[in-house]
Protein chains: 2
Amino acid sequence: MSKPTENPPTSPTDINLDVLEDTLSFYIRTINLAVSRDLDARLDGLDVAKGTGKITTLLLVDDYPGIRPSVIAHLTMRDRSAMGRIIDQMVSHDLIRREVSPDDSRAQELYITEAGSALATKVREIVPQQSRDFFSFIPEDEQKQVIDILRRAYRHIVGLA
Amino acid sequence: MSKPTENPPTSPTDINLDVLEDTLSFYIRTINLAVSRDLDARLDGLDVAKGTGKITTLLLVDDYPGIRPSVIAHLTMRDRSAMGRIIDQMVSHDLIRREVSPDDSRAQELYITEAGSALATKVREIVPQQSRDFFSFIPEDEQKQVIDILRRAYRHIVGLA
DNA sequence: AAAACTAGTTGCGTTTGTCCACTAATTACT
DNA sequence: AGTAATTAGTGGACAAACGCAACTAGTTTT
């Protein structure tokens with residue numbers, strides 16, 4: 001009942017995704033689409049919509065005053081130019097500010113503003129909540145499993161530990 | 001040892017990602033970036049690079065001759081116009097062809113071409129292999145766990161089953 | 001002192017997706 | 001039947017993001 005070359009599915013209930021069915025990258029990629037859209041919707045109007053970059057940057061700058069753009073770029077897997085643009089935006093929205101590092105005048109140090117700090121507080125509520133909500137149909141223990149494994153994957157990829 | 005407001009990290013070995021640390025969406029989103037880049041690199045020059053859309057479309061059309069664009073759009077979570085453009089590309093690359101459905105002359109039926117079929121064969125090798133390679137640092141049983149859970153997530157999201 | 005490297009910026013091109021309006025065909029309604 | 005409401009697909013305008021490559025400037029190495 002599930003052989004290759006079936007009839008064109010009318011209702012897509014019984015569709016088989018071929019090799020993608022067992023391919024982790026496929027699920028990461030498609031689920032990414034869905035979660036990202038949902039998240040963007042929830043962050044609508046919050047100066048931080050679209051892209052993991054801004055959220056991560058905001059939290060990192062809040063937690064590590066003086067952190068440098070290149071460090072964040074690395075953690076968010078963007079190149080420096082993309083990072084620079086994100087920072088531009090956030091500076092112009094008055095969420096963070098740049099200073100030239102006293103140690104190394106090529107480098108910058110990033111600091112949170114009051115508005116940024118306030119936004120960070122909101123983000124700390126919204127973002128994890130959105131994730132939980134979005135994946136609420138996955139039992140909690142399974143979510144934990146996945147998170148544990150993907151955390152290690154992430155750390156491996158960016159070379160953290 | 002891991003309180004908020006630490007010093008700016010020089011080597012990012014000991015960085016804490018705040019709430020993102022336990023947020024599934026964060027890992028999905030960032031890992032997506034990395035896998036997608038790696039996959040694109042491996043598919044370079046193959047008429048099917050960039051985006052989950054083309055790969056899924058190719059395999060589905062190959063497996064379900066006569067499948068309709070809107071079904072694929074749904075499974076790949078794109079809107080019809082985005083889907084249409086993907087199909088345009090693939091038709092112009094002679095991977096698939098369109099026909100008007102005899103049943104419903106608004107609708108189309110998609111069929112694979114020889115070139116498309118050949119490419120599908122390659123893709124069936126490359127794509128799962130890339131995923132395995134990319135995630136090879138995750139023990140196999142854990143990969144399986146994640147796949148099982150995310151498969152259900154995917155199916156839930158697109159309303160399969 | 002020169003060479004090599006690193007941080008960040010800028011411009012360019014590419015890609016991707018979203019929104020919206022439009023045509024045409026089918027189905028539902030009365 | 002005949003009209004209205006849906007559905008399939010198209011096309012255009014638009015915005016946003018990202019990577020690459022070239023460039024400036026400051027720092028480290030030798």
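Naming: A, B, ... by sequence-line order, numbering from 1 per chain. On a predicted model such as this, the values are computed, not experimentally measured, just so you know.
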Asks: Listed by chain and number, what are the side-chain contact (heavy atoms from CB on, under 4.5 Å) partners of A:V100, not counting sequence neighbours?
Replies: A:S105
Asks: Mind checking whether A:F26 and B:Y154 have parallel, tilted or perpendicular rings, split at 30° and 60°?
Replies: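 Aromatic pair A:F26/B:Y154 classed perpendicular.
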Asks: Quick check: on DNA chain D, is the nucleotide nearest A:R85 upstream (toward 5') of the one nearest B:P69, or the reverse? Name the residue that is more 5'.
Replies: B:P69
Asks: Among all residues two or more places apart in sequence or in another chain, which pass the side-chain contact (heavy atoms from CB on, under 4.5 Å) test with A:D141?
Replies: A:P139, A:Q145
Asks: Can you tell me whether the side chain of A:R78 and the base of C:dG8 have a donor-acceptor pair closer than 3.5 Å?
Replies: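 Flag unset: no donor-acceptor pair detected.
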Asks: Can we say A:D22 and B:R151 salt-bridge, meaning some charged N sits less than 4.0 Å from an Asp/Glu carboxylate O?
Replies: yes
Asks: Going by salt bridge (Lys or Arg N to Asp or Glu O under 4.0 Å), name the residues that satisfy it together with B:R152, two or more places apart in sequence or in a different chain.
Replies: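 Scan of B:R152 (salt bridge (Lys or Arg N to Asp or Glu O under 4.0 Å), adjacent residues dropped) gives A:E142.
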Asks: Using a cut-off of strictly less than 4.0 Å between a heavy atom of the residue and any atom of DNA chain D, enumerate the qualifying residues of residues 28-44 of chain A by number.
Replies: none
Asks: Where do B:A120 and B:D62 come nearest, in terms of heavy atoms and distance?
Replies: CB-OD2, 3.7 Å
Asks: Under the side-chain contact (heavy atoms from CB on, under 4.5 Å) test, which residues partner B:D38, sequence neighbours left out?
Replies: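 side-chain contact (heavy atoms from CB on, under 4.5 Å) check on B:D38 returns B:R42, B:Q130, B:F134.
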Asks: Using five base pairs at each end, measure the axis-to-axis angle across the helix from C:dA1-D:dT30 to C:dT30-D:dA1 and round it to 10 degrees.
Replies: 30°
Asks: According to side-chain hydrogen bond (donor to acceptor under 3.5 Å, both in side chains), who are the partners of B:Q108, at least two apart in sequence or on a separate chain?
Replies: none
Asks: If I compare all heavy atoms of B:L58 with all of B:G116, which pair ends up nearest, and what's the gap?
Replies: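 Scanning both residues completely, I find the closest heavy atoms to be CD1-O, 3.7 Å.
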Asks: With sequence neighbours excluded, tell me which residues meet side-chain contact (heavy atoms from CB on, under 4.5 Å) with A:V19.
Replies: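 Once residues adjacent in sequence are excluded, the partners of A:V19 under the side-chain contact (heavy atoms from CB on, under 4.5 Å) criterion are B:L59, B:R124, B:P128.
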Asks: Which whole-number value in Å describes the distance from A:D88 CG to C:dT10 C1'?
Replies: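 Taking atom C1' of C:dT10 as the reference, CG of A:D88 is at 10 Å.
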Asks: Could you state the interatomic distance from OH (A:Y64) to CG (B:N16), rounded to the nearest 0.5 Å?
Replies: 5.0 Å
Asks: Of all the heavy-atom pairs spanning A:L75 and A:V158, show the shortest one and how long it is.
Replies: O-CG1, 4.1 Å
Asks: Taking heavy atoms of chain A and a 4.0 Å limit, find me the 5'-most and 3'-most nucleotide of DNA chain D within that range.
Replies: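 Going 5' to 3' along DNA chain D, contacts run D:dA17 to D:dT27.
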Asks: What is the minimum heavy-atom distance between A:L17 and A:E21, and which atoms define it?
Replies: N-OE1, 2.8 Å
Asks: Can you tell me which residue pairs pass the salt bridge (Lys or Arg N to Asp or Glu O under 4.0 Å) test with a partner in residues 71-84 of chain B, sequence neighbours excluded?
Replies: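 Output for this query is empty, none listed.
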Asks: Residues of residues 91-99 of chain A with any non-hydrogen atom less than 4.0 angstrom from an atom of DNA chain C: list those, numerically ordered, please.
Replies: A:R98
Asks: To the nearest Å, give me how far apart CE (A:M83) and C1' (C:dT9) are.
Replies: 14 Å
Asks: Please find the pair of heavy atoms, one from B:L150 and one from A:I31, that lie closest to each other, and give the distance.
Replies: O-CD1, 3.6 Å
Asks: Answer with base, sugar-phosphate or nothing: what part of the nucleic acid does B:Q89 contact at a heavy-atom distance below 4.0 Å?
Replies: nothing
Asks: For each nucleotide in nucleotides 21-28 of chain C, reading 5' to 3', give B when a protein heavy atom comes within less than 4.0 Å of its base, S when such contact involves only the sugar-phosphate, and - otherwise.
Replies: ---BBS--
